[in-house]
Amino acid sequence: MDASQEFTAEIRELAAQPTVCVRTQAPTSSLSDIFSRFPGAVVARIQEGGAEVAGSLYARYHAFSPETVDVEVGIPVGAPIAGLPAIGDVAAGEVGAGELPAGQIAFTVHRGSYDGLSATYDRLHEWIHAAGLSEGAAPWEAYVDDPGDMSDMTNVRTEVSWPLEA
């Protein structure tokens with residue numbers, strides 16, 4: 001989303017959503033490696049477990065700084081996979097069962113290059129406070145459109161969800 005695009009956001013109420021995911025901590029500069037490495041492992045585990053995909057690939061940021069990132073990469077599923085250990089019970093970088101939380105979120109759609117996502121997060125953060133609300137922890141982005149050809153990211157949509165404090 002560039003500065004010329006109109007910014008819109010809304011409050012949504014979500015039910016808890018089971019996921020299959022990987023969580024890792026790494027240098028922020030390695031994000032592209034994380035996104036090329038882990039989605040395939042998540043998809044393979046979903047297929048092995050016979051689960052139904054119930055949403056788009058997402059990245060949930062538990063902590064983010066210019067130096068390091070604590071990120072969860074996953075895919076929502078219709079129901080948890082039997083026998084898949086909880087993400088908190090597996091080593092960093094291993095596939096586990098997770099959950100996107102229930103509750104209120106601030107929601108917006110970013111259009112365009114992933115390079116502009118940081119500005120969208122900043123605008124959503126400002127919108128939350130302008131509405132008299134407080135942000136919660138661990139916002140996430142869902143990759144609605146697969147850009148395929150990364151040379152034209154003009155219309156690629158990425159949904160940004162930020163939990164709100166109750």
Side-chain angles (χ1 to χ4, degrees), residues 1-3 5 7 9 14 16-49 51 53-77 80-81 84-101 105-128 135-163:
M1 177 182 300
D2 67 36
Q5 292 178 323
F7 179 82
L14 299 182
Q17 175 66 60
T19 68
V20 174
C21 57
V22 172
R23 185 169 173 180
T24 191
Q25 300 76 38
T28 302
S29 61
S30 69
L31 271 174
S32 62
D33 294 334
I34 290 169
F35 290 117
S36 64
R37 179 175 166 203
F38 293 123
V42 170
V43 168
R45 188 62 184 96
I46 290 170
Q47 290 171 342
E48 288 168 12
V53 171
S56 301
L57 176 71
Y58 71 88
R60 186 171 187 208
Y61 297 97
H62 296 276
F64 192 98
S65 76
E67 295 81 30
T68 59
V69 63
D70 179 348
V71 63
E72 171 186 324
V73 177
I75 298 175
V77 290
I81 296 175
L84 183 61
I87 193 65
D89 295 337
V90 298
E94 297 293 322
V95 177
E99 182 178 86
L100 292 173
I105 61 158
F107 175 86
T108 192
V109 177
H110 170 83
R111 293 185 187 278
S113 169
Y114 300 137
D115 293 340
L117 272 167
S118 177
T120 297
Y121 275 97
D122 290 344
R123 291 175 84 178
L124 186 58
H125 185 257
E126 291 168 9
W127 183 89
I128 290 167
E135 75 280 358
W140 68 89
E141 57 202 44
Y143 308 103
V144 179
D145 296 319
D146 179 355
D149 175 7
M150 297 292 279
S151 66
D152 183 12
M153 297 285 292
T154 309
N155 295 311
V156 173
R157 296 171 296 152
T158 306
E159 295 176 342
V160 178
S161 300
W162 201 319

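Counting from 1, the numbers follow the sequence of the chain as shown.
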Working to the nearest 0.5 angstrom, can you tell me the gap between [X] [atom1] and [Y] [atom2]?
X      : Y      : atom1 : atom2 : value
Arg123 : His110 : CZ    : NE2   : 10.5 Å
Glu72  : Thr24  : CD    : OG1   : 11.5 Å
Leu31  : Tyr114 : CG    : OH    : 13.0 Å
Arg111 : Asp145 : CZ    : CG    : 8.0 Å

Exercise. Out of Val90, Val95, Leu100, Ile87, which residue meets the side-chain contact (heavy atoms from CB on, under 4.5 Å) rule with Cys21?
Worked result: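 The residue from Val90, Val95, Leu100, Ile87 that satisfies side-chain contact (heavy atoms from CB on, under 4.5 Å) with Cys21 turns out to be Ile87.
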
Under 3.5 Å donor-acceptor, [X] side chain and [Y] backbone:
X      : Y      : value
Arg60  : Ala138 : yes
Ser113 : Asp115 : yes
Trp140 : Trp162 : no
Thr28  : Thr68  : yes

For the residue pair [X] and [Y], establish whether any side-chain heavy-atom pair is separated by less than 4.5 Å.
X      : Y      : value
Leu57  : Ile75  : yes
His62  : Arg23  : yes
Tyr121 : Glu141 : yes

Of all the heavy-atom pairs spanning [X] and [Y], show the shortest one and how long it is.
X      : Y      : answer
Ala59  : Val71  : CB-CG2, 4.1 Å
Pro163 : Ala137 : CG-O, 3.3 Å
Arg45  : Ile81  : O-CD1, 3.6 Å
Val69  : Pro27  : CG1-O, 4.2 Å
Ile34  : Ala26  : CD1-CB, 3.9 Å

Problem set entry | Chi angles and distances behind the side-chain contact (heavy atoms from CB on, under 4.5 Å) call for Leu124, Phe7 | CA-CA 9 Å; Leu124 186 58; Phe7 179 82; 4.1 Å; yes

Exercise. Within a radius of less than 6.0 Å around CG of Asn155, do more than 12 heavy atoms belonging to other residues, nucleotides or ligands occur?
Worked result: no

For this session: Taking atom types as modelled, find out whether Tyr58 and Thr19 have a side-chain donor-acceptor pair closer than 3.5 angstrom.
Result: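 The criterion, which ignores hydrogens and geometry beyond distance, is satisfied for Thr19 and Tyr58.
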
Problem set entry | Listed partners of Ala16 passing side chain to side chain contact (heavy atoms under 4.5 Å, CB included), at least two apart |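 Testing Ala16 for side chain to side chain contact (heavy atoms under 4.5 Å, CB included), a comparison that skips the adjacent residues, returns Glu99, Ala102.
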
